[in-house]
Structures are given as C-alpha cells and as structure tokens.
Amino acid sequence: MPTSDKLLADLKLLHPKLIDLSLGRVERLLAKLGDPHLALPPIVHIAGTNGKGSVTAYLKAILEASGHTVHVYTSPHLVRFHERIVIGRKGASAAPIGEAQLVDVLSRTQAINQGDDITQFEITTAAAFLAFAENPADILLLEVGLGGRLDATNVVPAPRLGVITPISLDHADKLGERLSLIAAEKAGILKRAMKSIVSQQDEEAMVVIAGAAERVGAELVVWGQDFDAYEQAGRLVVQRHDQLLDLPLPALIGPHQITNAGTAVVAALELDGFKIGEKAIERGLQTVRWPARMQRLTGGPLTDLLKPGSELWLDGGHNPAAGAALAQTMADLEERAPRPLHLIVGMLGLKDAEGFLRHFRGLARHVVAVPIPGAHEQPFTPEALAQAARNAGLSAEPAAHVEEALLRHDAQFPGPKRVLICGSLYLAGHVLALQ
C-alpha cells in the first residue's frame with residue numbers, strides 16, 4: 001500500500017508547473033470521477049488575499065458551536081498535507097483526513113486520471129471533493145487556493161454563500177500587477193443569484209467587485225454599507241441592518257482580526273437555512289483556533305533557546321498588507337507589555353520582501369533572515385533577504401537556520417525580548433514541526 005507522501009510526490013510529476021491556473025483539466029477529471037463536486041453539502045466559497053484562513057476558522061468554530069457538522073478545505077498545509085482536507089464529524093469537531101482515507105481517495109483519483117496532464121493542486125482538489133461527497137456533513141467551507149476565477153475550487157456551480165476577504169497585492173506574477181486585476185480574479189467566484197459577503201476593501205478593489213457582481217447578477221453584502229465591525233470597550237461590536245451584536249473579542253489577536261471576525265459573524269448570520277444564535281457566535285469566537293496566525297509558542301525546543309522572560313510568536317503573513325497588520329499587532333503588544341521586538345524572517349523569492357519589512361522600521365530592533373527548508377518555490381537566500389531588510393531601514397543579518405537565528409538574537413541582545421518568526425506559511429510549518 002503506497003503512502004500519501006509517495007502518492008503526492010507522484011502527482012506532482014503530472015504537470016511541469018506547480019501552478020497553472022485553468023478549469024478545463026479539473027473539470028475533465030471530475031467528469032471521469034462521476035462529478036463529486038455536484039454531490040457536496042451546501043458550500044461557503046471563500047476568496048481574498050488576507051484573512052481567508054482566519055475567516056474560515058471563525059466560521060468553522062461558529063457553525064460547530066451551533067451543532068453543525070462542518071467539512072473544511074484549505075491550503076497550503078503547515079506540517080502535513082492531511083490538514084488541507086478536514087472531515088466533519090457528527091457530535092464532534094472536524095479533524096484532518098486520516099492516512100487510510102487520504103491514500104484511498106488519492107489512489108482512486110490517480111487511477112482514473114490515467115496519467116493525464118493536471119497540476120497537483122487540481123488533482124488533490126478532485127480527491128478532496130471525493131472525500132467530502134462520500135462523508136455526510138451539513139456544510140463545506142471551501143477556501144480558494146489562488147485567485148478565484150480559474151482556481152480549481154471554482155468548478156462548484158452554486159455555493160450557498162460567497163465571501164471575499166480583504167484584497168491586496170500578492171501573487172502578482174500570476175494574478176496581475178495591479179490591485180484591480182487581482183480583484184477581478186478574486187471576484188471570479190461570484191455567481192448569479194449567489195449572496196456574497198465582501199469584507200473591508202480598498203476602493204479600487206471594491207469598484208471591480210461591484211462591477212463583477214452587477215454583470216453576473218450576484219447579491220453583495222458589503223462592509224461599510226451593509227455591515228460594520230469594530231472594537232469598543234474591550235468588546236467586538238458587529239452592526240448589520242437593524243441588528244447590533246455586542247460580542248467578546250476573538251481569541252485570535254491583532255486589530256486585523258476584528259475585521260476577519262466581523263466578516264465571519266455576518267457570513268454566519270447571512271447563511272440561508274442555518275439558524276445561528278448569538279450564544280453560538282460567542283462560543284465560536286472564544287474557541288477558534290488557527291495555527292501560525294499570531295500564535296504564541298511555549299514549552300518546546302525553540303522557546304527553550306531564549307532567555308527566561310522572553311516571548312516567541314509565529315505568523316505566516318507574507319505580503320505588504322500582512323506586514324502592516326503584523327506590525328500594528330506587535331506595536332499594540334509593545335504598548336501593553338513592553339519588550340524589545342526581534343524578527344526571524346524567511347520569504348519566498350517572488351514576494352515583496354521590502355514592502356513586507358518596511359512596516360517594522362522603528363519597531364523591530366534586529367532582523368535575522370533564514371532559509372525555508374522544503375519550500376515549494378525558490379525562497380530568498382538569507383543573504384538576499386537580509387539585504388532587503390537593510391534596504392527597508394532595518395538592522396539585519398543572515399543565519400543558516402531558525403535555531404541559529406534564535407541563539408544570535410539572545411547572544412547579541414541579552415535580556416527578555418519578543419521574537420516574531422514570520423514571512424511565509426512554509427516557514428511557519430517548518431517551525432511548528434521543530435517545536
């Protein structure tokens with residue numbers, strides 16, 4: 001019996017590119033499989049640049065607190081591929097697909113594909129649809145992989161609800177160099193008569209989304225027009241139509257999580273056919289978990305490398321907008337509990353490293369740049385990334401790995417400190433595997 005690792009390695013060889021946006025190949029394969037994407041539970045289709053994962057996590061927690069069985073599809077994974085395909089369980093929280101079931105759906109999909117040209121993401125998305133179709137659930141939270149219009153998840157014909165989280169410049173080599181072009185790709189998930197929640201957007205992106213909705217006949221529920229969310233007196237206030245909800249702050253920290261949580265709350269309330277009460281929303285906001293999103297690391301080999309009194313944080317943010325949100329979060333932490341901030345950063349080579357790092361100028365004392373073991377595309381070398389940090393106005397140096405970076409921070413800057421590891425979800429996964 002092959003392992004899932006072996007099958008995934010074989011599937012990667014079916015197409016010369018890791019990413020090649022198209023719907024034709026996956027539609028062809030799904031037809032051979034008997035169209036499992038037409039036998040899925042009601043779908044919430046989630047696109048955007050920043051906050052997709054957090055909104056998905058909030059929705060999962062809120063829906064499960066309401067007693068619903070929830071499937072979830074996300075990417076990329078942090079430590080194991082199984083994390084991408086989360087299977088709902090009646091009366092319990094959903095869990096990553098088991099090895100035996102993953103091997104089964106990958107093997108069947110590989111066999112029926114018969115070696116045809118298809119990307120790994122496309123064929124594994126088809127396998128995920130098989131798993132979701134064959135396991136009963138009340139709802140599927142379906143996160144877009146990249147873009148929206150030509151993403152493999154966009155084969156689903158009629159989602160119950162769409163969500164578009166904040167859009168910013170990222171993956172410009174694949175989606176376009178301007179925000180309007182990227183927004184057009186994300187808005188490709190909009191469909192006739194489908195209601196979609198649109199989170200906080202730059203005006204340039206919102207104009208494109210509104211135009212796309214008008215062309216296809218989609219209904220939009222828009223941040224700042226139809227709903228709003230903000231922090232007030234240590235609470236999360238969500239306002240929609242004639243309803244005002246006074247809720248606990250979400251468990252995920254950072255000012256940007258107010259936007260993400262508010263978007264998820266409104267999405268849950270707008271879900272036709274699902275009765276979501278305020279108590280379930282409160283419970284979901286407080287119990288939500290989403291690794292590598294401002295996650296504090298404690299009690300492991302990496303934290304043991306720091307002097308007592310220090311803090312170690314992890315976040316997978318990797319574009320300029322995420323850098324701004326992270327810097328604001330760290331500034332808020334500094335105001336409440338002052339400690340010198342130090343960064344350990346690894347980034348993929350096509351990312352805007354200077355744009356990400358410039359938000360930490362005047363806030364971070366020092367940056368140590370590291371490689372990303374096992375990255376799916378070429379990362380910055382530590383030397384090149386350290387130079388990008390210096391170009392952004394930061395003190396920086398390279399290191400061979402995360403452990404060395406932690407030791408350098410502690411040796412050069414004795415005393416309690418706050419260390420943030422950031423710049424890539426692939427680096428975050430590597431760190432979690434070490435910790």
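None of the values given here were measured: they were computed from a predicted structure.
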Roughly how far, to the nearest 0.5 Å, is the NZ atom of Lys307 from the NZ atom of Lys417? 6.5 Å

Which heavy atom in Pro416 sits nearest to a heavy atom in Pro308, and how many Å separate them? CG-O, 4.0 Å

Glu64 side chain to Val70 main-chain N or O, any donor-acceptor pair under 3.5 Å? no

Shortest non-hydrogen separation from Met347 to Ser424 and the atoms involved: CA-CB, 4.5 Å

In sequence, state the C-alpha distance, the side-chain angles, and the governing distance for Val265 and Leu285, and then conclude on side chain to side chain contact (heavy atoms under 4.5 Å, CB included). CA-CA 9 Å; Val265 168; Leu285 292 175; 4.3 Å; yes

When rounded to the nearest 0.5 angstrom, what distance separates CD in Glu143 from CG in Asp151? 9.5 Å

Who passes ring pair (Phe, Tyr, Trp, His ring centres under 6.0 Å) against His366, sequence neighbours left out? His409, Phe413

Would you mind telling me which of Thr263, Ile197, Ile189 makes a side chain to side chain contact (heavy atoms under 4.5 Å, CB included) with Ile164? Ile189

Do Leu146 and Ile19 have side chains that approach each other closer than 4.5 Å (heavy atoms only, starting at C-beta)? yes

Is there a donor-acceptor contact under 3.5 Å from the side chain of Glu204 to the main chain of Ser180? yes

Okay, side chain of Asp315, backbone of Cys422: is any donor-acceptor separation there less than 3.5 Å? no

Closest approach of Gly188 to Asn154 (non-hydrogen atoms, all atoms of both residues): O-ND2, 3.1 Å

Glu83 (side chain) donor-acceptor with Arg80 (main chain) under 3.5 angstrom: yes

Just by distance, with hydrogens left out, do Thr125 and Tyr73 show a side-chain donor and acceptor under 3.5 Å apart? yes

Calculate, to the nearest 0.5 Å, the distance between atoms CG and CZ belonging to Leu59 and Phe274 respectively. 11.0 Å

Counting distance only, does the side-chain N/O of Asn260 pair as donor-acceptor with the main-chain N or O of Ser54 below 3.5 Å? no

Set out, in order, the CA-CA distance, both residues' side-chain angles and the distance that settles side-chain hydrogen bond (donor to acceptor under 3.5 Å, both in side chains) for Asn319 and Asn50, then state yes or no. CA-CA 9 Å; Asn319 56 46; Asn50 295 306; 3.0 Å; yes

Contact between Ser196 and Val163 at the side-chain level, heavy atoms closer than 4.5 Å - yes or no? no

Around Glu214, counting heavy atoms of other residues, nucleotides and ligands shown, do more than 12 lie under 6.0 Å from its CD? no

Spacing of CD1 belonging to Ile87 relative to CD1 belonging to Ile97, to within rounding of 0.5 Å: 4.5 Å

Side-chain touch Val402/Leu427, heavy atoms, less than 4.5 angstrom: yes

Regarding Glu334 and Arg339, does a basic nitrogen lie under 4.0 Å from an acidic carboxylate oxygen? no

Distance-only, no hydrogens or angles: does the Ser310 side chain make a donor-acceptor pair with backbone N or O of Leu306 under 3.5 Å? no

Residue set satisfying ring pair (Phe, Tyr, Trp, His ring centres under 6.0 Å) with Phe360, at least two apart, ordered chain then number -> Phe356

Do you know the tightest heavy-atom contact between Leu78 and Leu425? CD2-O, 3.5 Å

Before giving the answer on side-chain hydrogen bond (donor to acceptor under 3.5 Å, both in side chains), spell out for Ser93 and Lys60 the whole-Å C-alpha distance, their side-chain angles and the decisive distance to 0.1 Å. CA-CA 9 Å; Ser93 183; Lys60 174 180 178 291; 3.1 Å; yes

Lys/Arg-Asp/Glu bridge criterion (N-O < 4.0 Å) met for Glu231, Arg235: no

Glu403 and His401: side chain donor to acceptor below 3.5 Å: yes

Does some side-chain heavy atom of Met206 sit less than 4.5 Å from a side-chain heavy atom of Leu220? yes

Distance-only donor-acceptor check, side chains Arg365 and His342, under 3.5 Å: no

Answer yes when Arg240 and Asp228 have at least one side-chain N-carboxylate O distance shorter than 4.0 Å, and no when they do not. no

Sub-4.5 Å side-chain heavy-atom contact between Tyr58 and Leu252: yes

Leu40 to Ala133 - nearest heavy-atom pair and separation: CD2-N, 3.8 Å

Looking only at the side chains, is there a donor atom on one of Trp313 and Glu311 sitting less than 3.5 Å from an acceptor on the other? yes

Donor-acceptor contact present, side-chain Gln286 to main-chain Pro250, <3.5 Å: no

Pairwise distance CG(Leu140) to NE2(His37) - rounded to 0.5 angstrom: 13.0 Å

Can you name the nearest heavy-atom pair linking Glu282 to Asp246, along with the distance? OE2-O, 4.2 Å

From CD (Glu397) to CZ (Arg390), nearest 0.5 Å: 9.0 Å

Can Lys186 and Thr165 be counted as having a side-chain donor-acceptor contact under 3.5 angstrom? no

Counting C-beta onward and ignoring hydrogens, is there a side-chain heavy-atom pair between His71 and Arg89 closer than 4.5 Å? no

Using a 4.5 Å cut-off on heavy atoms from C-beta on, say whether the side chain of Leu8 contacts that of Thr124. yes

Partner of Gln101 under side chain to side chain contact (heavy atoms under 4.5 Å, CB included), chosen from Leu130, Ile85, Asn135: Asn135

Is the side chain of Thr49 donor-acceptor paired with the backbone N or O of Ser168 at a distance under 3.5 Å, no angle test? yes

More than 12 heavy atoms from other groups under 6.0 Å of NZ on Lys191: yes

Apply side-chain hydrogen bond (donor to acceptor under 3.5 Å, both in side chains) to residues Gln295 and Gln435 and explain how you reach the verdict. CA-CA 12 Å; Gln295 178 182 357; Gln435 178 72 357; over 6 Å; no

How about Ser22 and Leu150: do any of their side-chain heavy atoms sit closer than 4.5 Å? no

